[in-house]
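One structure is given here, and the rest of the page talks about it.
Chain naming here is simple, since letters A, B, ... match the order of the sequence lines and numbering starts at 1 in each. Side chains are part of it too, since the values below use all heavy atoms of this structure and drop only hydrogens, waters and symmetry mates. Everything numeric in this text was worked out from a predicted model, so none of it was measured.
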Amino acid sequence: MAPESIAATGLAGAGPWRLGLRRLRSNRVALASLGLFALIVVFVLAAPLWADHVAETGPNKTHTLQKIEVDGEKRDVVNPEGKPIGPVWLGAGGKFFLGADSRLGRDEMVRLMYGGRTSLFIGIVSGLLTTALATLLALLSGYFRGWTDTVISRAMDVIWAFPVLLFAIALGLVLAVGGLQIGPLHLSGGSIWIPILIIGVVMVPYMARPIRGEVLSLREKEFVESAIAQGAGTVRIMFSEILPNLISTIIVFFTLNIAANMLLESALSFLGVGVQAPNASWGTMIATGNNLISSAPLLTIIPGTMILLTVLSLNVFGDGLRDALDPKSKVRFEAHSGLSAPEGSETIGGLTP
Amino acid sequence: MTEPLLCVRDLRVGFVTETGRVQAADGVSFDVAPGEVLAIVGESGSGKSVTAQTIIGLTRSPNSRIAGSVRLRGAELIDAGDDELRKVRGEQIGMVFQDPMTSFNPVYRVGRQIVEAVRAHRRDIGNSEAREIAVEMLDSVGIPDPAQRIDDYPHEFSGGMRQRAMIAMALALEPELLIADEPTTALDVTVQAQILALLERLNRERGLATILITHDLGVVAEVADRVLVMYAGRVVEQGTLDEIFYDPQHPYTWGLLGSLTRIDRDRPERLPQISGAPPSLQSLPQGCPFRPRCPHEFDRCPELPGLDARLAEAPAHLDRCWLEPEEKRELRQVEGQIGLEAPK
Amino acid sequence: MARFVVRRLIGMVAVLFAVSVLTFLVFNVIPNSDPAQRMAGRAAKPELIATINEEWGFEDPLPQQYLTMMGKVFSGDLVSYKGRENVEERIVEGIPATVSLCLGAAVIWLFFGILFGYLSAVRAGGLLDRGLTVLAVTGISMPVFWLAAIFLNYLTYKTEIFPSGEYVEFTTDPLEWANHLILPWITLAILYVGFYSRVLRSSMLDVMNEDYVRTARAKGLSERRVMSRHVMRNSLIPIVTLFGLDFGALLGGAILIEAIFSLNGVGQYAYESLQSLDLPPIMAIVLYGAFFVVLLNTLVDIAYAYLDPRIRLGTSAQ
């Protein structure tokens, strides 16, 4: 009997959610990862605080010709050869904590925090988009089968045929110039919603396929048959019977998808077809830093490390979540360029380098 | 008295799980004489499969705790090294499992899998000779056109044929003992009868000792010489086929017998069954594990009964129930037949 | 089996057709600006825009435009306006570098991926397994271009252990060819090794619990034989199919790696075109990339059917 309300099941003895939560709580590695992710979120949320009160500057404010006082000594923010100042740490009271980012003399720490907001925002929102779309399409496709399934699956196959990165790049390229206009929806080329849309849509097939597989098998289960026999309508069955059983899979996928999306966004931004100036993300920061990599390697290392830590924490937590909620799950989503393997182990992916 | 082929003494198998330790088999002892058919009967969770698989060491794992003794013609198997165990498997003891579809590797032809079994033990037998042996075996288990079918894939066989092929593979090296773990459970009723007939014939013609694991007493009646009834990891009754069917001593056995549908009796009004469910091995009641489902529980039951012979005239008929034999004979009669009511 | 292959090939053509239509839509219809202008670039002269309009027929109805575009692609006549060169020729020139990169990396990642996955699975839960898992998850969590940039900086510029990029033809000098490719190979492989080892590990753990593995042991087969003949044979099937797909996608141009290591392959061409917002090459490369993905996808489906006799022969007697 499908749980009418998840909470009700949890209360009546060891329901699946209770068990899952207990398993998760005993998985210290997963909890540590969640903690790391939470720390990172706090870090980026603190951006305005740091910018206003410690660094006293904004992410896009240039300080090329200025000097700052470091431990009593006056130093150029950008020296005459164009080399930005390295990490000052606390020498100037927190200003230029990580140094300046380029010839433009912007505060790297402030940019790191604001850029992180962009990266996380894009990752999470596009993740929501992908998850919502994929779930809807998978439900329709798996439940109704027949023509609906054929059409949706073929459409997914076509998108799937494009190497993820190439496709996203192509979309990014054409939309970055003129923006997007569909009916009442108008987005300018520099809008942050363009990468969100692109990434959100491009990743849909990779999530839709495994979820569709689950819908197909859930559909055959007895509780669906009995609901039909009781005269329940289609929409009700989809949402009250099938969907609750998909939730644990969806949650796991959503977590792993955020990770994959963040990697994709960083690649797109690095190539110049993702986040556009004046917005910044960790990806654009790597691009900026790359120009100075021999003289100031930290400018490249630091944003990349932030991406690594965030994605890593999400991946590890996502795995822990999967083990806790459904240890026997054969359905897989990996934050990487795996494309599907038929039957057996369904894997879905992210990004072709 | 002939030397027993297999001698199991006080076998105990436990598993360490995330919620604690589970004792799947607790103090199981029995003998199998050469050429004898021993049936082990019980519900799921009774420990019958675990016992059977432990005989050839299939339950060895980092999570398992195995103790006791299993002697095959005097040679101890419990602590045998991997190489020794490997030699026993297939060559001295053959094993057949419940689901022949998943028990064959789907990507290899059936003949090849049989040949593999033969050549693993007898390197001196060449490929073509091994194939001939395989064809003979398929023939002897009643598969028509064996020379053709030897090159078929498992999915190309029907359920019953597949199980026959599995039996052929298990017997390819002519072991003295066959362990059949629920060989008919996954098959249609009509096919079940055929497989049982096959096992009976193999036992008769080759003197093949057999341990038959099943949850179905009806299956047992066809083939077995002796019966072991297991519940919650312990043997609760053991005796000859006649003893078990005509003079059962344990309430659980009464329940099993009572739930058999018999052609030679009137149809009961309700389908009889043993009320309640098998206990969780992690929370066994104190004393006799059958207490919660037994209508005849009395004040001695919180003490675990030993597996003893309580009938002077049948010293090999053992059971674990404190009730007096005369009481048992009376209590087991329910509506004119042997059965078990619900507890009050 | 033959019928299966034919059906798959037809499906492949159908998907490729759909892919071309989608490419067309993406490049010419979806965006909100004048297509000729987009192609010519921001500071283009009006004459150039007019020329483009003519050649590509942007005034014509959409289906006609599509045919014109396809005509250009297939006749080898696709010209880049900014680069002033024939796009297809340039792509063909870049193929040896891209293929060299992909093949070399593939060999490395398959070898280590399978090795690590195997070790992880047979000692599941142990220290080695956990260590390898940590490495694997880290490997798939990092932006590969970032790793490449860092490797380039520390292993090439700073210490000169490896030469800086630049592709050397195999026919010119095999040793240099390999020398210049080692770092890109390793960088690319790191990502995939992590992934493949995890896939193999999980596949092996699933297979090791299958009934037929238990039967194999019960038959008295040696552990080595159980592993190689029964466990590996079946565990590798998902790896094989996955590899086909990944390799196909990679052939579409490992843009980031090629760009950072200056490997002059198809990927680098894509990168340069991106920098200059040059559309025709991107369009062609997208089609080319999709072609390989679909081709390998189809080959993989066929191979999978071949490997699994249930599919190959159809499920008959029941």
Heavy-atom proximity to chain A below 4.5 Å, by part of [X]:
X: C:F291; answer: neither
X: C:L16; answer: neither
X: C:Y154; answer: side chain

At a 4.5 Å cut-off on heavy atoms, which part of [X] comes close to chain C: side chain, backbone, both, or neither?
X: A:V273; value: side chain
X: A:T305; value: both
X: A:I286; value: side chain

So how far is it from [X] [atom1] to [Y] [atom2], rounded to the nearest 0.5 Å?
X: A:W160; Y: C:N297; atom1: CH2; atom2: CG; value: 8.5 Å
X: A:L256; Y: C:I140; atom1: CG; atom2: CD1; value: 8.5 Å
X: C:I255; Y: A:L271; atom1: CD1; atom2: CG; value: 6.5 Å
X: A:T300; Y: C:W146; atom1: OG1; atom2: CH2; value: 10.0 Å

Name the option with the most non-hydrogen atom pairs under 4.5 Å to chain C; the candidates are A:I169, A:V316, A:I159.
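Among the listed options, the one with the most contacts to chain C is A:I169.
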With a 4.5 Å cut-off on heavy-atom pairs, point out which of A:T310, A:D157, A:N290, A:I301 contacts chain C the most.
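Most heavy-atom pairs under 4.5 Å with chain C: A:I301.
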If the condition is ring-ring contact (aromatic ring centres under 6.0 Å, His included), which residues does A:F270 pass it with, not counting sequence neighbours?
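By the ring-ring contact (aromatic ring centres under 6.0 Å, His included) rule, A:F270 matches C:F145.
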Quick check: closest heavy atoms across [X] and [Y], and the distance to 0.1 Å?
X: C:P143; Y: A:G304; value: CD-O, 4.3 Å
X: C:R198; Y: A:D319; value: NH1-OD2, 3.0 Å
X: C:I282; Y: A:L173; value: CG1-CD2, 3.8 Å
X: C:V293; Y: A:A161; value: CB-O, 3.0 Å
X: C:N153; Y: A:S294; value: OD1-CA, 3.5 Å
X: C:G289; Y: A:L166; value: CA-CD1, 4.3 Å

Quick one, C:L152 with A:I293, criterion side-chain contact (heavy atoms from CB on, under 4.5 Å). Give me CA distance, side-chain angles, the key distance, then yes/no.
CA-CA 9 Å; C:L152 198 61; A:I293 195 164; over 6 Å; no
What residue in [options] has the most heavy-atom pairs under 4.5 Å with chain A?
options: C:A148, C:G244, C:A149; answer: C:A149
options: C:V294, C:V286, C:L287; answer: C:V286
options: C:V15, C:V137, C:I260, C:L274; answer: C:L274

Sole candidate of A:I307, A:L309, A:L308 that passes side chain to side chain contact (heavy atoms under 4.5 Å, CB included) when paired with C:S141:
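Of A:I307, A:L309, A:L308, side chain to side chain contact (heavy atoms under 4.5 Å, CB included) with C:S141 is met by A:L308 alone.
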